[in-house]
Amino acid sequence: MPHRSGSTDLAPHRPALIALLRAAVVLPTLDRKALNKLLRTHLKETPEGRKFFSNDELVRAYTAYAGTDGLPPYDPAFVERLRLKPVRTTSGVTTLTVLTKPFPCPGECIFCPNDVRMPKSYLADEPGAQRAEQNGFDPYLQTFLRLQAYRNMGHPTAKIEVIILGGTWSFYPEGYQRWFVRRIFDALHDFGAGRDRTDEVRAALERESQFGYHPDRATLPPAPDFVDGLTFAQTYNQIVNRIYQAEMERSRQAEARLAERTPATEYATWEEVEAAHRENESAPCRCVGLVIETRPDHISVAEVLRLRRLGCTKVQIGIQSLDDTVLRLNKRGHTVAATRRAMRLLRAAGFKIHAHWMPNLYGATPLTDNRHYRNLFTDPDFCPDELKIYPCSLIGSAELMKYHAAGAWRPYTHDELLHLLADCFRATPEYCRLTRVIRDIPGTDIVAGNRITNFRQIVEDYLAVNGERPRDIRAREVRGQTIDPDSLMLDELRYPVSTGEEVFLQFVTETRTVAGFLRLSLPMGEPVTPELAGAAMIREVHVYGQALRIGESGEGRAQHAGLGTRLIERAAEIATAAGYAKLAVISAVGTREYYRRRGFADGVLYQHRPLADGLRPESGDDAEEDEAP
Ligand code: SF4
């Protein structure tokens with residue numbers, strides 16, 4: 001089994017790196033967009049195919065080659081520019097993404113890639129996917145090494161939002177889910193304490209895993225074979241089941257032999273997960289958000305409570321279409337009714353809801369997509385908090401190839417997509433954050449469909465010509481500016497939802513730039529657990545500003561202006577006036593301490609504050625303590 005050292009040997013890539021760096025040094029501004037463009041045009045040749053250089057590799061190459069081959073002498077300011085990743089940290093926390101291992105998915109969606117080297121729906125050429133694969137999809141290695149890379153790039157690591165991606169989370173065995181979450185927390189704790197156990201984990205994976213920690217791609221087929229170019233000889237699920245069968249069997253048996261477990265044994269108990277949570281409450285590297293992705297038909301009352309027990313705070317849910325015919329044609333395997341039910345249960349349980357919606361599916365038209373997008377926000381059953389818009393692209397390993405070949409499906413033209421997305425932007429309310437517009441799939445994987453990854457900018461420019469500006473949260477975020485807290489107004493937006501009423505509180509400037517917001521649910525129906533009886537629910541508190549280390553001051557930055565506390569106090573007033581007996585919060589484990597200091601006591605799955613007298617219990621109120629989660 002090939003063994004990989006921690007960092008890439010740069011020598012074989014010197015010409016490509018020099019070319020990239022020479023192009024970068026002459027740019028007047030090296031922002032994320034410009035850097036991404038350069039990364040796409042200067043790829044790293046490896047035996048497994050062409051890959052992106054990482055920021056870490058760029059910094060190391062610049063440090064080694066500055067002053068040679070036409071590069072100007074070393075300039076520390078340029079290193080800072082190379083390290084700049086503003087989008088990742090301006091929301092107040094550092095985001096860390098980990099992928100689960102390849103595993104069968106209950107969906108049979110015709111548009112979904114079938115790359116058996118990856119968890120379902122991911123492609124081995126995507127940058128995050130490459131990192132996961134290089135670490136054998138091990139949660140500890142992925143988390144620990146990413147934290148190291150962030151520290152090397154100068155990013156703060158005190159507050160981490162962990163996003164777990166891959167297939168359908170709820171379909172993985174529960175023992176695997178518990179292990180995966182626990183190992184992420186182990187890595188957070190080891191990193192915070194300066195302990196590095198990556199060698200121990202690698203050794204265990206090499207010993208016990210069929211593919212080691214760095215699977216040899218030569219031993220894996222890249223995709224299910226098409227017979228006659230159009231029909232699968234074997235499905236993704238069949239192949240993945242076969243190649244990972246031995247490991248799955250070992251996981252299943254682990255429960256019976258707890259004492260024999262190693263870091264590679266994919267099983268943990270609930271007690272171990274909960275112990276990891278408790279340790280994280282006061283750890284130097286805290287989990288301030290935990291996100292998973294799943295399908296609507298896998299959401300039930302039991303599932304939302306189970307996700308909560310794992311420490312989840314946000315769910316990415318693939319709704320894809322609000323048209324039953326389109327769902328059926330694309331073999332989604334669930335109906336719009338399932339989506340309505342899932343959204344209601346997730347909201348009732350306090351989760352932040354991050355929906356995925358796909359225009360241009362087989363059977364849809366720009367007109368029907370336009371109508372259904374509006375329904376997303378006018379129908380109280382939906383109203384997502386965040387949204388990814390992923391127009392369907394044709395990927396070589398997807399069943400959609402067959403429909404394309406038969407002339408039954410075609411990608412929208414540039415103008416059709418532009419006009420549709422412009423209308424989507426216009427219809428998106430202020431409470432929603434458009435996190436992604438266009439999935440960042442490497443152009444080489446796309447057989448047909450849009451290849452422009454900065455389409456958001458194209459839509460924004462198109463709207464700007466008519467004097468229009470998107471209203472969604474992402475378009476209005478403070479983004480690292482310093483602001484005068486006295487110039488902020490507290491704005492309240494109320495809208496009906498399936499569970500009752502939502503109140504979106506936001507601190508905005510005169511131009512509607514948002515410096516912080518809070519999502520308050522005022523539920524009217526049956527609670528999903530007796531713990532939430534009589535409770536209004538804070539689903540999210542978010543204060544913008546550059547992510548700062550805990551305890552570090554940042555004069556003028558929104559995060560230290562007491563905005564989080566002020567938002568919570570206003571939410572308490574609203575909930576009291578509406579007659580609720582208590583205010584609950586779906587806190588991440590790393591934010592429990594923050595809420596305790598604001599008068600919340602620990603419950604079973606939530607934290608609570610009584611509202612009887614409407615007064616805030618004693619707690620730290622000064623701006624320096626207000627590290628909003
Ligand atoms: S449910 Fe998601 S991951 Fe599974 S096949 Fe469908 S799109 Fe792919």
Side-chain angles (χ1 to χ4, degrees), residues 97-124 126 128-129 132-133 137 163-173 176-177 180 222-224 232 234-241 244 291-300 303 307 315-324 326-339 341-343 346 353-364 384 387-403 409 436 438-441 445-446 449:
T97 303
V98 285
L99 259 72
T100 49
K101 67 180 180 182
F103 195 74
C105 179
E108 295 177 354
C109 315
I110 64 170
F111 49 81
C112 189
N114 285 294
D115 188 334
V116 297
R117 298 164 298 187
M118 288 290 128
K120 191 78 168 93
S121 100
Y122 288 86
L123 291 158
E126 294 175 286
E133 188 189 17
F137 300 97
I163 303 180
I164 303 175
L165 296 181
T168 297
W169 171 259
S170 308
F171 198 63
Y172 283 77
Y176 176 86
Q177 293 182 31
F180 202 88
F232 290 135
Q234 278 190 306
T235 64
Y236 171 96
N237 285 358
Q238 286 168 331
I239 295 174
V240 165
N241 250 329
Y244 286 93
V291 188
I292 58 97
E293 59 178 349
T294 195
R295 286 166 53 90
D297 54 344
H298 279 253
I299 293 296
S300 61
E303 180 62 1
L307 291 176
V315 171
Q316 295 201 28
I317 187 106
I319 62 178
Q320 318 309 8
S321 174
L322 296 187
D323 182 332
D324 274 331
V326 171
L327 290 174
R328 182 175 47 75
L329 287 173
N330 289 271
K331 301 187 184 172
R332 276 292 292 174
H334 69 80
T335 57
V336 178
T339 304
R341 184 167 179 272
M343 301 284 270
L346 289 169
I353 303 172
H354 188 175
H356 297 189
W357 179 74
M358 294 184 73
N360 201 184
L361 287 175
Y362 172 45
L387 189 66
K388 284 181 182 172
I389 303 178
Y390 283 164
C392 184
S393 290
L394 183 62
I395 308 295
S397 62
E399 194 185 341
L400 187 61
M401 288 288 284
K402 194 164 65 181
Y403 298 78
W409 177 89
R436 287 276 174 92
I438 306 293
R439 183 169 163 187
D440 196 1
I441 300 172
D445 289 316
I446 298 174

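Any value given below was found using the heavy atoms of this structure, including those in side chains, with hydrogens, waters and symmetry copies removed. As the structure lists them, so they are numbered: ligands from 1, and atoms in each ligand from 1.
Looking at residues two or more places apart in sequence or on another chain, you find a side chain to side chain donor-acceptor pair (under 3.5 Å) between Asp297 and Arg295. By the ring-ring contact (aromatic ring centres under 6.0 Å, His included) test, His334 is found to be paired with no residue, residues two or more places apart in sequence or in another chain being considered. With sequence neighbours left out, Tyr172 forms a ring-ring contact (aromatic ring centres under 6.0 Å, His included) with Phe103, Tyr176.
Taking the centre and axis of the six-membered ring of Tyr122, the NZ or CZ atom of Arg439 falls inside the cone set by 45° and 6.0 Å.
A heavy-atom distance below 4.5 Å is not found between the side chains of Val315 and Trp169. When side chains are defined from C-beta on, Tyr236 does not count as touching Met118, because their heavy atoms never get closer than 4.5 Å.
Within 4.0 Å of ligand 1, protein heavy atoms belong to Cys105, Gly107, Cys109, Phe111, Cys112, Lys120, Ser121, Arg295, Arg332, listed by chain and number.
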